Amino acid sequence: MVGKAHPTSYMKVGMENMVDISVEFGRLRLSNPVFTASGTCGYAGELGEFMDLDQLGGFVTKSITAQPRMGNATPRIVETDAGMLNAIGLANIGVERFILEKLPALSKIKAAVFVNVAGETIEEYVAVAQNLANQEAVAGLELNISCPNVAKGGISFGTDPEQVREITSAVKQAAGQKMLMVKLTPNVTDIAVIARAAIDAGADALSLINTFTAMVIDIKERRPVLANRTGGLSGPAIKPIAVYLVNKVYNEAAKERRIPILGMGGIRTVSDALEFIIAGASAVAVGTGSFVEPACAARIVEGIRKYCADNGIASVKELVGSLGE
Amino acid sequence: MVGKAHPTSYMKVGMENMVDISVEFGRLRLSNPVFTASGTCGYAGELGEFMDLDQLGGFVTKSITAQPRMGNATPRIVETDAGMLNAIGLANIGVERFILEKLPALSKIKAAVFVNVAGETIEEYVAVAQNLANQEAVAGLELNISCPNVAKGGISFGTDPEQVREITSAVKQAAGQKMLMVKLTPNVTDIAVIARAAIDAGADALSLINTFTAMVIDIKERRPVLANRTGGLSGPAIKPIAVYLVNKVYNEAAKERRIPILGMGGIRTVSDALEFIIAGASAVAVGTGSFVEPACAARIVEGIRKYCADNGIASVKELVGSLGE
Amino acid sequence: KHGDKTTVDILYCVVGPATLRMTTLKARDKVSVIGPLGNGFTVPEGKKKVFLVFGGMGTAPVQHLAKLIMEGRRAGEIEIVAFAGAKTKRGLPFEKPMDEISEQLGFAIREFARYGIESIIATDDGSAGFHGLVTDCFLQWLKENKLEANSAIIYSCGPEPMLAKVAQIAGDRGIDCQVSMERRMACGIGVCQSCAIECRLEGSNETTYKMCCEDGPVFDGREVVFDHEFARIAAKKN
Amino acid sequence: KHGDKTTVDILYCVVGPATLRMTTLKARDKVSVIGPLGNGFTVPEGKKKVFLVFGGMGTAPVQHLAKLIMEGRRAGEIEIVAFAGAKTKRGLPFEKPMDEISEQLGFAIREFARYGIESIIATDDGSAGFHGLVTDCFLQWLKENKLEANSAIIYSCGPEPMLAKVAQIAGDRGIDCQVSMERRMACGIGVCQSCAIECRLEGSNETTYKMCCEDGPVFDGREVVFDHEFARIAAKKN
Ligand SMILES: Cc1cc2nc3c(=O)[nH]c(=O)nc-3n(C[C@H](O)[C@H](O)[C@H](O)COP(=O)(O)OP(=O)(O)OC[C@H]3O[C@@H](n4cnc5c(N)ncnc54)[C@H](O)[C@@H]3O)c2cc1C
Ligand SMILES: Cc1cc2nc3c(=O)[nH]c(=O)nc-3n(C[C@H](O)[C@H](O)[C@H](O)COP(=O)(O)OP(=O)(O)OC[C@H]3O[C@@H](n4cnc5c(N)ncnc54)[C@H](O)[C@@H]3O)c2cc1C
Ligand SMILES: Cc1cc2nc3c(=O)[nH]c(=O)nc-3n(C[C@H](O)[C@H](O)[C@H](O)COP(=O)(O)O)c2cc1C
Ligand SMILES: Cc1cc2nc3c(=O)[nH]c(=O)nc-3n(C[C@H](O)[C@H](O)[C@H](O)COP(=O)(O)O)c2cc1C
Ligand code: FES
Ligand code: FES
């Protein structure tokens, strides 16, 4: 059992250097299991002031679409108990400008770069994937079929196993050698069914969870606070649901197919990250947590190293899916 | 628009007495729209010390099954950010003892009494309903097809429209003249589909939401904190999702069929309750909020009266489903 | 600055969960602050007449601007007139009650009078100063006084409908105008796109979103698309 | 009680979110408290020898019990011996360091010595007092001393495995024993069924759940089903 070893601080110093926190994420080997989540860290440049991006295991960009998108009207966010709603509406500069203006900087960081791909039609998704397939700086694509904040596309692709299969295999083909990670929505009856559909259609990895569709009402005005009416709930509020879903997908879909999971939803501390890893995630992503503390992800990397050292765990890989009876 | 009228305090005092906070809930007329939620207020007697139960509009009992149930092993609960997980496992004294020991006291309160009915098979549900059909103290039944904390029955009935139809019509028949309210789970892809299935099969009212399946992991022991491994997430954390789902069910199922909704999920303040009412709930229930403050529901009743008075609203009925563009 | 310590005063108004949490802070609590973020008001060369038009808690930043100008190198060249708006007398965000004589002399607000700045108050209900909106009060002043538009500039901070009106007044008369905008912000550093402000692209009819946290909060009055119905319309279009 | 005010001391240990929040309270903050809830230790007539066996923060309630007994009407008839357990010397929840002479005299803990109560310390690592579990220390005392079981009673509070051991020791020797149990509680008033404790039904092999908040926290040592594997087993059965 963990927690019973009590090395002296001298030993700990030694241990921390000996601990291996690198992980295998499909065919990628990452220096550590911590990513930033899509939409919460821009295109990397902005965060550089607050944290050394080389410390991250992976970096996921804001969703990119074939054409630039202005996004929704404001208010686009509202705070809730232990969480927030957002309805940004996939505001982004479009894949062409992304490649020209943002990718060069991204190519310099050590973290594995995943570009989050979104669209309103399968063709749009495919177009973005084709554009990125030959970009060396890109380690993989994250297929966003789970955005609750756009009228067309987005989540509607992610709730029906048949559509998941179709879009996944289309994008897989377009993505060439790039690793394809499919991002799942929690707004479904059985997430394992969707996970298996994605895997069957060629997904190399799964990421979960995206946000829950939700609403906050201004009781004075008697209308929704967000201009988009609804938004996606993220943050610590959803963490226990996210941990459960990661464990479910791990047990019922990912484990036997050896498909790695990127777990997220409310991660803010080392202990939150470890819950996801123990539940079955090979890596974790920090989203809303970065708003409260821009260097949150980097702090978690160090915390994981310390946890392993303190508990005599030689490699963080031992922890993945180690949830006991 | 609300919030623009500024009566003097003298007028307010007058207004508060003139305001009508009674609601029609199907064919029941309730003195006000506030209930206690199933499982969070026992069988009423226990709460009597902390609040005058006659102040409530409605009272929903803990789930009752055909046979007594001991419930799950402990720990049965764990606190989370702005919420809690529970896995009580439908511990209850069984319908026979309930009628003998608990119903007499319940028959004395003015609030409309709904008995929450649960089971592992349709036959069990029917048996409980038959036992209650002739009890005068019972205003209606709440059909719990959404409990995530039992191995058999519970939520499995509530996620498939076909099963919802089957169990609803079976219990409807057994329930005789009693009002039948069906309690929906949020753990589905499209809650409106389930809502329509219940209505088609004879539901007189809908209540939502029950809890979200969730998990908290003890990272030292590397196992779930709850003995049942998973539990149901309730409390303020889930409120924005619950408000959205109530609004969705109202717009896509309940409104045109004139089926009242009992809205719940994280209600703790007057303003929370009003969000649900504006979203489309004819009445609201306080669950986890009663643990923090046993008299929470009664305080909300007074707050609703005050809100109406302050805003020149003659009847709370005007607010139901009044969400604007 | 006191020796090796820097002291910062934070003037805030409780409007939501974050500011409510701030009230629970006690002495010696540690808070982590990222800043300064975004831009600020700028005073272009050649400006001789400065108008401050503000309402509610919008007072805080313009009061600070007035202090900077009057303590700065160009203090001698610049004349400031401040217009403060509030719903009622009690809503004025100033500590001390006004004194009637100063008010008649045009120095209604002590915080400004300290720097010799003329100040005029408007209340929606007329319980103090001008009876009406602060923007109507400002308009009346403009009617009653001669002004060389080129060397004048308006700084405004407060509720958005007020900013819209001020920007319109400025636009109509060709007076430069800087407005300090407000949006709900999640990250404050330009990564989340939550604080979008619709802005006109120069020399075109098209608009783009700028980020209030990074590109603002101060924008040129001509640039911002103030359309209160915009939010609703856009939402319906989707 | 001070005049018309009643003062209550709350001794608590930070173990989770609720106790952590308690640390943020400041003087004059208002808190709403419901209580007292549940039962407490009772001292049946005829008891002459009282053993207190406790560990960690379980010290708080038994220390209070000792005070009540020694200040009560039967103080003269009753003799108390206290056994305090901790992992290490530093883990002992007492304010002042022990003094060696008192320790040799059997009055290791000042808080008890004040009332003339004999006290013995056990630490898991032997850094103070007896080297080993507090229950082994207690067992050794029982071996070395004569005791009339009927007129003795044991009160215990602390980690559940310790309570289980104490209850077993008591059961084996026919000594009355009251254990103060702990469960995660949501409501505290018997409505939510979260704090279940499996108890034997008298005169049968069956068990039932009692509620720690309402029927406890103090239970008869014979009544409680201490089975650490129970939780897991039951979970698997479902
Ligand atoms: C860059 C920036 C800095 C800020 N700094 C601070 C700060 O340091 N501290 C802080 O607490 N807040 C600050 N704010 C918040 C902001 O000032 C307030 O949200 C805003 O002023 C509303 O305040 P209020 O509700 O008190 O105003 P209200 O009392 O609602 O309105 C004040 C006055 O504005 C005028 N007005 C209102 N509506 C209209 C209309 N339709 N047309 C014309 N005029 C109108 C009227 O004269 C009215 O009396 C800042 C905002 C920004 C953008
Ligand atoms: C009615 C009631 C009242 C309470 N009152 C308070 C209160 O006022 N304030 C408060 O903060 N908490 C209170 N508690 C909490 C409770 O006392 C603690 O959760 C518990 O004592 C654990 O404390 P610890 O972690 O410090 O003990 P630990 O340091 O983990 O253990 C202390 C000692 O217990 C013994 N022990 C441990 N494991 C075993 C074993 N397997 N076998 C035999 N002996 C063992 C050992 O001697 C050990 O050194 C109360 C609990 C109850 C039920
Ligand atoms: C402001 C904001 C913007 C987001 N934008 C995107 C996006 O563009 N694409 C996407 O796939 N997910 C997006 N997400 C979802 C996050 O990547 C993440 O899945 C979710 O927020 C849960 O994690 P968290 O609780 O740590 O934030 C966004 C989340 C937030 C809060
Ligand atoms: C401790 C606990 C026990 C519950 N037991 C039941 C139950 O027996 N039957 C049921 O239908 N719902 C049960 N619920 C769900 C609540 O009735 C309610 O639907 C849910 O908690 C959301 O509301 P809240 O956030 O206000 O608690 C229980 C909830 C809690 C927290
Ligand atoms: S607050 Fe995040 S971009 Fe401005
Ligand atoms: S804590 Fe609710 S029944 Fe004991």
Side-chain angles (χ1 to χ4, degrees), chain B residues 36-50 61-63 68-93 149-152 154 221 223-231 234-235 287-295, chain D residues 14-22 30-38 160-161 163 181-201 206-217 219 224-238:
Chain B
T36 53
S38 176
T40 60
C41 293
Y43 306 111
E46 306 86 342
L47 266 191
E49 254 183 83
F50 300 98
T61 69
K62 173 84 195 151
S63 283
R69 285 178 64 103
M70 277 179 73
N72 295 326
T74 58
R76 291 176 171 185
I77 55 162
V78 56
E79 188 175 341
T80 66
D81 287 290
M84 65 178 280
L85 261 56
N86 88 77
I88 307 296
L90 301 182
N92 80 94
I93 57 176
N149 300 323
V150 287
K152 288 175 235 152
E221 305 283 337
R223 53 185 188 202
V225 169
L226 297 182
N228 188 51
R229 301 182 71 84
T230 61
S234 63
T288 307
S290 298
F291 298 155
V292 180
E293 180 196 356
Chain D
V14 177
V15 293
T19 40
L20 188 63
R21 280 195 296 268
M22 283 171 71
K30 286 191 184 155
V31 294
S32 109
V33 175
I34 300 172
L37 300 170
E160 197 158 324
L163 299 182
M181 301 288 292
E182 193 177 22
R183 283 292 179 274
R184 288 172 191 264
M185 300 179 186
C187 74
I189 55 175
V191 302
C192 77
Q193 312 274 318
S194 64
C195 61
I197 301 225
E198 195 182 14
C199 288
R200 289 182 190 86
L201 286 172
E206 288 188 24
T207 63
T208 184
Y209 277 126
K210 290 193 176 180
M211 293 302 127
C212 188
C213 68
E214 207 184 16
D215 308 317
F219 292 85
V224 179
V225 181
F226 291 104
D227 185 349
H228 260 57
E229 283 314 296
F230 169 74
R232 311 282 143 209
I233 294 160
K236 274 187 206 160
K237 270 195 307 204
N238 269 2

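Hydrogens, waters and symmetry mates are skipped; everything else that's a heavy atom, side chains included, is used. Each chain gets a letter, A, B and so on, in the order the sequences are listed, and its residues count up from 1. Just so it is clear, the model here is predicted, and its values are computed rather than measured.
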Counting only heavy atoms closer than 4.5 Å, note whether B:Val292 contacts chain D via side chain, backbone, both or neither. neither
Most heavy-atom pairs under 4.5 Å with chain B, out of D:Cys187, D:Ser194, D:Cys195, belong to D:Ser194
Side-chain contact test, heavy atoms from C-beta onward, threshold under 4.5 Å: evaluate it for D:Ile34 versus B:Pro294 and give yes or no. yes
Using a 4.5 Å cut-off on heavy atoms from C-beta on, say whether the side chain of D:Arg184 contacts that of B:Thr74. no
Does a donor on one side chain and an acceptor on the other come within less than 3.5 Å for B:Ser290 and B:Thr40? no
Which region of D:Ile197, side chain (C-beta onward) or backbone (N, CA, C, O), has a non-hydrogen atom less than 4.5 Å from a non-hydrogen atom of chain B, or is it both or neither? neither
Under a 4.5 Å heavy-atom cutoff, which of D:Gly190, D:Ala196, D:Gly188, D:Ser32 has the most pairs with chain B? D:Ala196
Okay, B:Phe50 and chain D: the region with an atom under 4.5 Å from a heavy atom over there is side chain
Using a 4.5 Å cut-off on heavy atoms from C-beta on, say whether the side chain of B:Met84 contacts that of B:Ser234. yes
Side chain, backbone, both or neither: which part of D:Thr208 has a non-hydrogen atom closer than 4.5 Å to chain B? backbone
Least distance between heavy atoms, D:Ile189 atom then D:Cys213 atom: N-SG, 3.8 Å
